[in-house]
Amino acid sequence: MGLLGPLLLALLGLGLGLAAAAETSVNASLGLEFSLGEFRDFMLNRPFPEEAILRHITSNVTFIIFQVHSQYENITISLSKNPLPDASGTGVDKGLVSILKPEQSNCSWYLEISDADKVRSVAVPLSYSEKDPIPGGCNLEFDLDVDPNIYLEYNLYETVIKFAPANLGYARGRDPLPCDLGTGLDSRWRLEYDVYQYFLPENNLTEEVLLRHMEKMSMVSQVEANGFKVATLKSSDKTIVYFSSVPGQGVIYNVIVRDPVLNTSAAYVPAHTYACHFNAILDNCSSLGRLSTKVFFTIFAILGLFICFFGHRFWKTELFFIGFIFVGFFFYILITRLTLLQYDDRLILTAVAGGFGGILLVMIWWRFGLILICMLCVGLVLGFFISSVAFFTPLGDLKIFHDDAVFWVAFSCMTISIPVVFIGCLRILNILTCGITGSYCVVLAIDSYFYTSLSYITLNVLKRAVNTNFNRAYTNVPFQTNDFVILAIWGMLAVSGITLQIRRERGRPFFPPHPYKTWKRERERRVTNILDPSYHVRPLRERLYSKLVQFKQLFQEEEAAGERTPLLL
């Protein structure tokens, strides 16, 4: 009887353990239950693949696109427990097309991760009928037989999205229509593709925001309501679109394929990017601003603020500022296109070259006093900025300006027109340049600490000058609450600086006199006027020799006082 109690307890514990294991296996076998068109937020664990199950599919549904999204960790989705290359995909935004059989009412997919312990994700199954086009139904480039995914690549300058052409829909149990049998209205060549773009809230890199906003770019109706249509492609166009990269800003892209004959449509699997890496050691999405950039633009902003309020009064300082911008901009383009130097090295060399440019413009003014040459540089800087603002608007995304020749001719003409328009009122031109460009330096400094789209006014032009392929990219950027606040600050500084300088310079000479002539006249006056104290100043050579003698005396020992001859005893 003494051993009976422990034996019974052991058997009871074993039974409870087996029951718990059985219950766990039953729950695991149930998988994740989904409903059509409803998003589900869940957590994936690395050792435990999950099965996504969709039940009670109606007979009018011909195919289903199941898609899953995460912020930056890869997820593998497949049609079977053992992923096959032509029936699975791995990425942060992936989906599969399931073509339903005649009597099929249930569908399942398998999800797993391999690079992280836990990944939060969101998934949704979307249904389409036999009249809807099939996204990626005519895939010839990627691994999947039917590939509804958008493939995204990015670098510092541009973001590229690619997708496979779609095919016409068909009923259950029928064979798919051939993709390249003909080009008439009864083939897939009648399909059109609308490319949409959606910006996430600025300066927000949280996972919750991405997964919540991803729901706004998955279904056709939501994409049309929330996204911004960038372009429409015909079936004869290449299924590839270029965008300007915006590091640190979340962007979601999607494509809607339309059948104009049947008036139906279907959405691809949306793809997102921040144009940066979350798991990078240096320059990741959370720390994009380099120290060199912050130092450079902080100093530049201090100088810009001074120019904004006092530039016309301190004419030589303003000329240094204009010369710095003029030479530094072109020098940065030159060394970027011709060398492979690192960013910090290029920034240092640009600062040195800009400094030489500013000193050179000041010296030209001091020696020759060419007011028209100096004001031409001032007007070109303001003209460049106004042209950049014009092409920052939707005007810059017109198809005609994707041609480099047309763009640069239009940009140059607009730039040159500013000094021509203000040729009769040079002081107003100078004060406007001081107020607008000086205050914009503050915007650039803010961008080095916090993201703002206003920095892309000039950055888009710089990208186009540096990168020969940037002409094909769409350059629209988000304009949200932060940008409106910074725009108000910029406008307030510009208006205040311009108003202050106009009021202070009223009644004064338009520009200071020629410095060299003034210096020469003063020197002649001092030489001929014996009453001027400077007339009695010794020549420079004698003064330098006197200073040198005084400097030598600092290192000589003092002579001893008293008798130096020995006393006779």
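Note that this is a predicted model, so its numbers are computed, not measured. Residues take their numbers from the sequence shown, with the count starting at 1.
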- Does the pair Cys308/Cys434 show an SG-SG distance of less than 2.5 angstrom? no
- Heavy-atom closest pair (Ser292 atom, Leu347 atom, distance to 0.1 Å) is O-CD2, 3.6 Å
- Query: Do the numbers put Arg472 on top of the ring of Tyr242, so that NZ or CZ is under 6.0 Å from the six-membered ring centre and no more than 45° off the axis?
  - Reply: yes
- Message: Among Tyr474, Phe243, Tyr196, which residue satisfies the ring pair (Phe, Tyr, Trp, His ring centres under 6.0 Å) criterion with Tyr253?
- Response: Phe243
- Message: Measuring centre to centre across the rings, with the benzene-like ring taken for any Trp, is Phe384 within less than 6.0 Å of Phe329?
- Response: yes
- To the nearest 0.5 Å, how far apart are CZ in Phe331 and CZ in Phe324? 11.5 Å
- Query: Looking at CG of Leu454 and CG of Leu444, how far apart are the two atoms once the value is rounded to the nearest 0.5 Å?
  - Reply: 9.5 Å
- Modelled atom types, side-chain donor and acceptor of Thr76 and Thr90, under 3.5 Å: yes
- Item | Expected output: side-chain Asn167 to main-chain Leu177 donor-acceptor under 3.5 Å | yes
- Task: Could you tell me whether a side-chain N or O of Arg464 sits under 3.5 Å from a main-chain N or O of Asn469, the two making a donor and an acceptor?
- Result: no
- Message: Checking Ser114 against Asn74: is there a side-chain donor and acceptor pair closer than 3.5 Å?
- Response: no
- Query: For the side chain of Asp483 and the backbone of Gln480, is there at least one donor-acceptor N/O pair under 3.5 Å apart?
  - Reply: yes
- Does Arg258 count as lying over the ring of Tyr193, i.e. NZ or CZ under 6.0 Å from the six-ring centre, within 45 degrees of the axis? no
- Verify whether one side chain among Ser387 and Thr415 offers a donor that lies under 3.5 Å from an acceptor in the other. yes
- Task: Determine yes or no for a side-chain-to-main-chain donor-acceptor pair under 3.5 angstrom, with Asn254 supplying the side chain and Met217 the backbone.
- Result: yes
- Task: Test Ile150 against every option in Val195, Ile161, Asp93 by the side chain to side chain contact (heavy atoms under 4.5 Å, CB included) rule and name the one that passes.
- Result: Ile161
- Query: Regarding Gln67 and Ser218, is there a side-chain donor-to-acceptor distance under 3.5 Å anywhere?
  - Reply: yes
- Exactly one of Trp408, Phe407, Phe385 clears ring pair (Phe, Tyr, Trp, His ring centres under 6.0 Å) with Phe391, and that residue is Phe407
- Message: Can you tell me how far apart CG (Leu210) and CG (Leu205) are? Round to the nearest 0.5 Å.
- Response: 10.0 Å
- Query: Which atom pair, heavy atoms only, marks the closest approach of Asn204 to Tyr274?
  - Reply: O-CE2, 4.2 Å
- Message: Would the distance check show the side chain of Lys463 and the main-chain N or O of Glu158 forming a donor-acceptor pair, the cut-off being under 3.5 Å?
- Response: no
- Rounded to the nearest 0.5 Å, the SG atom of Cys138 sits from the CG atom of Asp147 at a distance of 12.5 Å
- Report yes or no: does Asn226 contribute a side-chain atom to a donor-acceptor pair with the main-chain N or O of Gln222 at less than 3.5 Å? yes
- Task: Working to the nearest 0.5 Å, report the span between CD1 of Ile307 and CD1 of Ile436.
- Result: 14.5 Å
- If you take all heavy atoms of Ile256 and Ser265, which pair is closest and at what distance? CG2-CB, 3.9 Å
- Between Thr293 and Tyr343, a side-chain donor and acceptor under 3.5 Å: yes
- Would His213 and Glu215 count as having a side-chain donor-acceptor pair, cut-off 3.5 Å? no
- Return the minimal non-hydrogen interatomic distance between Leu429 and Pro419, and the atom names on each side. CD2-CA, 4.4 Å
